Amino acid sequence: MNAPSFSPAFAAELEQLFTWRRDVRHFRTDPLPDRTLTHLLETACLAPSVGLSEPWRFVKVDSPTRRHAIRENFAHSNARELAGRGGDDAQRYASLKLAGLDDAPHHIAVFCETNPAQGRGLGRGTMPQTTTWSAVMAIHTFWLAATAQGIGVGWVSILDPKEANRVLGINPEWQFLAYLCVGYPLEPASSPELERRGWEQRNPARRKWIAR
């Protein structure tokens with residue numbers, strides 16, 4: 001089979017995709033078609049993984065009780081984070097919307113089976129963290145595939161991972177990595193919301209090589 005030839009136009013569109021892949025916190029409430037979610041999962045599984053271990057585990061959270069518990073987890077975790085800040089920093093932090101848990105029609109938790117039988121340990125002997133990194137690659141692949149279809153994804157990281165694992169009833173040996181809010185964005189944007197709200201700005205120095 002011959003490898004496909006990607007045109008300059010496709011390369012330019014791909015760069016646009018990277019630019020428009022943003023962390024979304026403002027969602028429409030209408031759900032995605034089931035086939036669309038299934039296709040996003042199938043695309044995510046095309047991500048690279050160490051030793052072909054495919055250690056990612058995507059969990060669709062539909063239970064209202066479990067969603068409520070995640071919201072409570074976020075509220076407590078966010079309050080602790082706010083309490084650790086002071087002055088202007090605390091005020092600015094409090095003004096930010098940091099999760100789309102109430103509006104996003106779909107909640108997806110992502111875990112990593114850090115020592116799966118699949119892959120037979122290849123590539124993990126000296127760097128066992130590579131299963132975690134592989135699962136993160138699957139999250140990023142899911143995110144890009146969603147963006148390409150006009151779907152927003154928001155990564156909720158202000159959570160107690162042990163509590164999240166417990167309330168979701170997941171194997172305690174699986175590593176909790178992400179809680180994703182998924183749905184159609186209210187207002188797509190090509191720049192990070194934190195940048196637009198003045199919380200932080202990009203550092204051009206990060207785009208330069210470090211020479212050794």
Side-chain angles (χ1 to χ4, degrees), residues 6 9-33 36-48 56 58-61 67 70-71 73-75 77-78 81-82 85 89 92-112 132-159 161 164 176-208:
F6 299 111
F10 173 83
E13 288 185 341
L14 181 60
E15 189 166 337
Q16 277 191 313
L17 177 63
F18 296 150
T19 300
W20 283 84
R21 188 245 22 101
R22 302 270 58 90
D23 190 70
V24 175
R25 297 166 188 144
H26 307 269
F27 293 90
R28 288 164 31 191
T29 57
D30 48 313
L32 307 178
T36 299
L37 277 178
T38 298
H39 180 67
L40 291 179
L41 174 62
E42 291 171 346
T43 304
C45 291
L46 297 176
W56 45 79
F58 284 75
V59 178
K60 195 164 170 280
V61 183
R67 286 192 179 197
I70 290 294
R71 288 188 185 94
N73 185 337
F74 170 78
S77 299
N78 196 44
E81 178 69 19
L82 178 58
R85 298 173 180 271
D89 194 54
R92 294 172 67 192
Y93 182 90
S95 72
L96 299 173
K97 179 178 173 62
L98 297 174
L101 293 167
D102 292 329
D103 299 326
H106 305 286
H107 291 196
I108 298 173
V110 187
F111 295 81
C112 175
T132 299
W133 303 338
S134 298
V136 172
M137 288 291 291
I139 294 171
H140 190 236
T141 303
F142 181 96
W143 210 330
L144 289 174
T147 303
Q149 297 191 49
I151 297 166
V153 177
W155 186 330
V156 183
S157 61
I158 306 173
L159 293 170
F176 177 77
L177 292 182
Y179 197 88
L180 305 179
C181 294
V182 180
Y184 297 112
L186 271 180
E187 297 181 356
S190 61
S191 61
E193 182 172 338
L194 293 180
E195 186 176 50
R196 299 195 306 274
R197 295 293 300 274
W199 177 261
E200 189 54 273
Q201 60 184 6
R202 293 185 180 278
N203 186 345
R206 297 288 186 267
R207 304 178 189 180
K208 298 179 181 178

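Excluded from the calculations below are hydrogen atoms, water molecules and symmetry mates; all remaining heavy atoms, backbone and side chain alike, are included. Everything numeric in this text was worked out from a predicted model, so none of it was measured.
Counting all heavy atoms, side chain and backbone alike, Cys112 lies closest to Leu177 at CB-CD1, 3.8 Å. Across every non-hydrogen atom of Trp56 and Ala44, the tightest pair is CZ2-O, 4.4 Å. The shortest non-hydrogen separation linking Ala104 to Cys181 is CB-CB, 3.6 Å. In terms of heavy atoms, Pro185 sits closest to Gly152 at CD-N, 3.5 Å.
Checked against side chain to side chain donor-acceptor pair (under 3.5 Å), Thr132 has the following partners two or more places apart in sequence or in another chain: Gln175. Every residue two or more places apart in sequence or in another chain that forms a side chain to side chain contact (heavy atoms under 4.5 Å, CB included) with Arg196 is listed here: Ala189, Ser191, Glu193. The salt bridge (Lys or Arg N to Asp or Glu O under 4.0 Å) search around Glu81 returns Arg85, not counting sequence neighbours. Shown here are the side chain to side chain contact (heavy atoms under 4.5 Å, CB included) partners of Leu41, two or more places apart in sequence or in another chain: Cys45, Phe58. Under the rule for a side chain to side chain donor-acceptor pair (under 3.5 Å), the partners of Asp102 that lie at least two apart in sequence or sit in another chain are Arg71.
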| Stepwise, does the side chain to side chain contact (heavy atoms under 4.5 Å, CB included) test hold for Gln201 with Leu194? | CA-CA 8 Å; Gln201 60 184 6; Leu194 293 180; over 6 Å; no
| query | Given the rule in the side chain to side chain contact (heavy atoms under 4.5 Å, CB included) test, do Phe27 and Val182 qualify, once you have shown the distances and angles that lead to the verdict? | reply | CA-CA 8 Å; Phe27 293 90; Val182 180; 5.6 Å; no
| query | Run the side chain to side chain contact (heavy atoms under 4.5 Å, CB included) check on Arg202 and Glu195 step by step: do they pass? | reply | CA-CA 8 Å; Arg202 293 185 180 278; Glu195 186 176 50; 3.7 Å; yes
| task | Please test Val59 against Ile108 for side chain to side chain contact (heavy atoms under 4.5 Å, CB included), starting from the C-alpha separation and ending with a verdict. | result | CA-CA 6 Å; Val59 178; Ile108 298 173; over 6 Å; no
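Residues Lys97 and His26 meet the side-chain proximity criterion, which asks for heavy atoms closer than 4.5 Å. A 4.5 Å side-chain heavy-atom check between Val61 and Arg67 finds at least one atom pair inside the cut-off. When side chains are defined from C-beta on, Leu96 counts as touching Trp199, because their heavy atoms get closer than 4.5 Å. For the pair Gln149/His39, a side-chain contact is recorded, criterion being any heavy-atom separation below 4.5 Å from C-beta on. Under the 4.5 Å side-chain criterion, counting only non-hydrogen atoms from C-beta, Leu32 is in contact with Tyr184.
Distance check: Phe74 CZ to Ile70 CD1 gives 11.5 Å after rounding to the nearest 0.5 Å. Interatomic distance, Leu144 CG to Trp20 CH2, rounded to the nearest 0.5 Å: 15.0 Å. Within the model, atoms CG of Leu180 and OG of Ser157 stand 11.0 Å from one another, a figure rounded to the nearest 0.5 Å. For the atom pair Leu17 CG and Thr147 OG1, the distance stands at 6.0 Å (nearest 0.5 Å). Rounded to the nearest 0.5 angstrom, Leu37 CG and Glu42 CD are separated by 11.0 Å. To the nearest 0.5 Å, atom CG of residue Asp89 and atom CZ of residue Arg92 are 7.0 Å apart.
Screening residues 14-31 for salt bridge (Lys or Arg N to Asp or Glu O under 4.0 Å) gives Asp23-Arg25, Arg28-Asp30 as the qualifying pairs, with residues at least two apart or on separate chains.
Ring-plane geometry between Phe176 and Tyr179 is classed as tilted, the angle between the planes lying from 30 to 60 degrees on a 0 to 90 degree scale.
Around atom NZ of Lys208, no more than 12 heavy atoms belonging to other residues, nucleotides or ligands sit under 6.0 Å away.
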